[in-house]
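Inspection log for the structure reproduced underneath, given as structure tokens.
Small disclaimer: the values here were computed from a predicted structure and weren't measured. Heads up: numbering here begins at 1 and tracks the sequence.
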Amino acid sequence: LVVLEGSAEEVAAQRHELTSLAKVCRGVWTGADVGEVFHQMNFVVPYLRDLGMDHDLLLDSLQLTLPWSRLQPNLWPCILQVASAEHRRLRLPGALKLWKSLSPSRDGALLRVHVTCSVEGLDPA
């Protein structure tokens, strides 16, 4: 998910810059409504985290800000590979689920990675 913000000219320039990346990543342009709902979900995540722990689920969000020039098509596959390897190394039960969102920030691109996995049967200590 990519959120474009700014004047009409700024949004057009951002969209132009991201078009090739969207093609490589099989992205689809959806309009502002989807981005607004996803942005609002950032305020819900802490409550979902608490609810998830009550049901043996780990839910978390990680944020990374980087220059747009460093945002490469292989970044997401690399994140998936590292997260999957760590999930296996820790021998966590259940499947690991990750999803991402991308939005502009004052310093470049803001990448949010959302993580979910089961912690059923693990000792909380």
Side-chain angles (χ1 to χ4, degrees):
L1 180 64
V2 176
V3 179
L4 306 177
E5 297 177 329
S7 67
E9 294 82 16
E10 291 169 327
V11 168
Q14 292 168 15
R15 186 173 177 147
H16 176 75
E17 290 294 320
L18 291 170
T19 296
S20 61
L21 180 62
K23 286 179 184 176
V24 170
C25 297
R26 297 182 304 208
V28 177
W29 299 109
T30 61
D33 293 342
V34 172
E36 180 59 32
V37 169
F38 205 86
H39 176 72
Q40 291 172 359
M41 288 299 294
N42 285 317
F43 302 105
V44 176
V45 168
Y47 300 103
L48 292 175
R49 185 180 300 127
D50 291 344
L51 179 64
M53 290 306 288
D54 291 342
H55 297 279
D56 294 323
L57 289 173
L58 172 68
L59 300 131
D60 208 351
S61 294
L62 313 157
Q63 295 188 154
L64 170 69
T65 302
L66 66 159
W68 286 101
S69 62
R70 299 284 313 270
L71 191 62
Q72 301 296 320
N74 67 340
L75 178 62
W76 182 244
C78 288
I79 290 171
L80 291 175
Q81 182 180 15
V82 169
S84 295
E86 193 65 10
H87 182 263
R88 284 190 304 275
R89 185 186 73 77
L90 293 171
R91 295 188 173 116
L92 294 173
L96 175 67
K97 303 291 183 188
L98 287 95
W99 66 100
K100 64 185 178 300
S101 66
L102 183 65
S103 59
S105 74
R106 280 178 272 144
D107 301 318
L110 174 62
L111 176 64
R112 290 183 184 96
V113 178
H114 308 280
V115 181
T116 304
C117 72
S118 172
V119 292
E120 185 176 6
L122 295 179
D123 183 359

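Listed by chain and number, the residues in a salt bridge (Lys or Arg N to Asp or Glu O under 4.0 Å) with Asp56 amount to none (sequence neighbours excluded). The salt bridge (Lys or Arg N to Asp or Glu O under 4.0 Å) search around Glu17 returns none, not counting sequence neighbours.
Atom NE2 of His114 is separated from atom CG of Leu98 by 10.0 Å, given to the nearest 0.5 angstrom. For the atom pair Glu120 CD and Leu92 CG, the distance stands at 12.5 Å (nearest 0.5 Å). Separating the OG atom in Ser118 from the NE2 atom in His55 is a distance of 12.5 Å, to the nearest 0.5 Å. The distance from the NZ atom of Lys100 to the CG atom of Leu111 is 8.5 Å, given to the nearest 0.5 Å. Annotation: the span from Cys117 atom SG to Leu96 atom CG amounts to 6.0 Å, rounded to 0.5 Å. Here the CG-NZ distance, from Leu57 to Lys97, works out to 11.5 Å after rounding to the nearest 0.5 Å.
Within a 6.0 Å sphere centred on CD of Glu86, heavy atoms belonging to other residues, nucleotides or ligands number more than 12.
Looking at Leu64 and Val113, their side chains never come closer than 4.5 Å, going by heavy atoms from C-beta outward. Put simply, the side chain of Leu102 reaches to within 4.5 Å of the side chain of Leu71, judged on heavy atoms.
Nearest heavy-atom pair, His87 versus Pro93, reported as atom, atom and distance to 0.1 Å: NE2-O, 3.9 Å.
Hydrophobic clustering keeps Val11 apart from Leu110 (ILVMFWY residues linked when any side-chain heavy atoms are closer than 4.5 Å, directly or through intermediates).
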